[in-house]
Number of protein chains: 2
Amino acid sequence: MSGKVLSLKNRVPGMRREIDLAGLDFSNCPVRDMMQHIGGKWSTLLLEVLAARPCRFGELRRMLPDISQRMLTQTLRDLQRDGYIHREVFPTKPPSVEYSMTELGRSLYQPLSQLLNWAEANHEAVREARLRFDSAES
Amino acid sequence: MSGKVLSLKNRVPGMRREIDLAGLDFSNCPVRDMMQHIGGKWSTLLLEVLAARPCRFGELRRMLPDISQRMLTQTLRDLQRDGYIHREVFPTKPPSVEYSMTELGRSLYQPLSQLLNWAEANHEAVREARLRFDSAES
DNA sequence: AGTGTTAGTCTCTTTTTGAGACCAACGTCA
DNA sequence: TGACGTTGGTCTCAAAAAGAGACTAACACT
């Protein structure tokens with residue numbers, strides 16, 4: 001809540017934004033709050049699939065073979081709650097449910113996809129770093 | 001491992017990369033593998049702080065008041081293992097340890113910071129979406 | 001001798017995640 | 001008619017991960 005905010009932008013090259021290093025308050029940090037959800041095991045995966053096209057529940061379940069129904073339901077509900085995806089029930093028998101990206105979700109997907117691209121591009125470097133680390137600590 | 005990869009780039013506008021929607025294999029997915037770590041509760045926070053300047057262990061602990069020492073140690077070790085940060089021990093008495101960003105870490109921080117900026121900018125929209133959701137489901 | 005500093009580790013409890021059985025309502029096929 | 005499949009979930013219980021906090025070793029200062 002309190003604490004002097006000192007802009008590092010002018011001192012540290014490449015700094016992205018103001019960081020409060022003296023009396024930093026991360027407790028009500030919006031970034032952490034949102035990264036919690038985005039960073040969940042299944043969230044990005046679902047956003048990625050739904051960014052391609054709307055999908056129904058069972059379809060998603062079949063696409064992600066190793067997700068439990070419980071976690072699929074829960075992750076979808078979390079994403080819906082945060083306004084990233086839309087849930088629509090069609091009155092078929094039995095009723096079918098379609099999940100699709102919202103505008104907010106699409107706008108999130110832009111920076112997110114950059115990060116995913118980075119991950120894909122640098123996967124090998126990370127794997128090598130892990131090997132180095134694991135062999136060094138033995 | 002197997003499964004035909006169909007490029008959606010040419011069909012779905014704005015598609016970021018190839019997605020295998022028929023026989024999708026997320027099991028050995030590098031993206032998931034890396035997002036797991038980045039998405040951890042403390043990882044982004046630490047990367048953000050260390051992107052500003054190198055820090056010592058106790059310094060980090062004091063900056064993040066609500067992190068347990070156990071999780072701080074563990075998260076730092078994970079980030080180090082993945083090659084994002086560097087750990088250097090100085091032979092003072094008692095020995096001090098400094099953590100700093102590696103080149104890989106800095107390159108990760110670029111797309112990551114875009115996402116964090118998005119989170120910061122759209123925090124209000126997400127909060128509103130949550131309120132709508134929570135009041136609707138009651 | 002007692003206290004504080006360093007960077008951790010160890011143990012125990014609580015929270016989160018995962019596996020899988022179960023549900024209601026309808027459609028299909030014999 | 002009655003068994004079986006399909007829909008999108010919920011419920012329970014076990015396993016894994018995270019958090020709180022006590023404890024450590026080696027040295028400095030008082």
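Computed over heavy atoms, backbone and side chain alike; hydrogens, waters and symmetry mates excluded. Numbers restart at 1 for each chain; the letters A, B, ... are given by sequence-line order, proteins then strands.
Here chain A contacts DNA chain C (any atom closer than 4.0 Å to a heavy atom, that is under 4.0 Å), and the contacts span C:dT17 to C:dC26 from 5' to 3'.
The separation between B:Ile67 atom CD1 and D:dG21 atom P is 15 Å, rounded to whole Å. One interatomic measurement links the two molecules: CD of A:Glu88 to P of D:dT7, which rounds to 18 Å at whole-angstrom precision. One can place NZ of B:Lys93 at 13 Å from P of D:dC29, the figure rounded to the nearest angstrom. The CG atom of B:Asp66 sits 12 Å away from the C1' atom of D:dA20 (whole-angstrom rounding). For the pair A:Met71 CE and D:dC11 P, the computed distance is 16 Å after rounding to whole Å. The CG-P distance, from A:Leu72 to D:dC11, rounds to 17 Å in whole Å. Between the P atom of D:dA17 and the CH2 atom of B:Trp42 lies a distance of 18 Å, rounded to the nearest Å. Spacing between atom CD of B:Gln69 and atom P of D:dG19 amounts to 14 Å, rounded to whole angstrom units.
Across all strands shown, A:Phe90 has no heavy atoms under 4.0 Å from either base or sugar-phosphate atoms.
Within a 6.0 Å sphere centred on CD of A:Glu103, heavy atoms belonging to other residues, nucleotides or ligands number 12 at most.
No salt bridge links B:Arg127 with A:Asp82; every basic N to acidic carboxylate O contact stays at or beyond 4.0 Å. Salt bridge absent: A:Glu98 and A:Arg53 never bring a charged side-chain N and a carboxylate O closer than 4.0 Å. The pair B:Asp33-A:Arg130 meets the salt-bridge criterion, with a side-chain N (NZ, NE, NH1 or NH2) lying under 4.0 Å from an Asp/Glu carboxylate O.
A donor-acceptor pair under 3.5 Å is absent between the side-chain atoms of B:Thr75 and the main chain of B:Trp42, judged by distance alone.
Look at B:Lys41 and you'll find a side-chain N or O under 4.0 angstrom from OP1 or OP2 of D:dG19. Between A:Arg77 and D:dT10, a side-chain N or O to OP1/OP2 separation shorter than 4.0 Å is present.
When distances run from any side-chain atom of B:Ser68 to the nucleotides D:dG8, D:dA20, D:dC11, the shortest one goes to D:dA20. When the nucleotides D:dG9, D:dA20, D:dT7 are ranked by their closest atom to the side chain of A:Ser96, D:dT7 comes out on top.
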Might you work through the side chain to side chain contact (heavy atoms under 4.5 Å, CB included) test for B:Gln80 and B:His86, ending with a clear yes or no? CA-CA 6 Å; B:Gln80 185 197 354; B:His86 172 69; over 6 Å; no
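Heavy-atom nearest nucleotides on DNA chain D were determined for A:Arg70 and for A:Tyr99, and the one closer to the 5' end corresponds to A:Tyr99.
The heavy-atom pair separating B:Trp118 from A:Leu104 by the smallest distance is CZ2-O, 3.7 Å.
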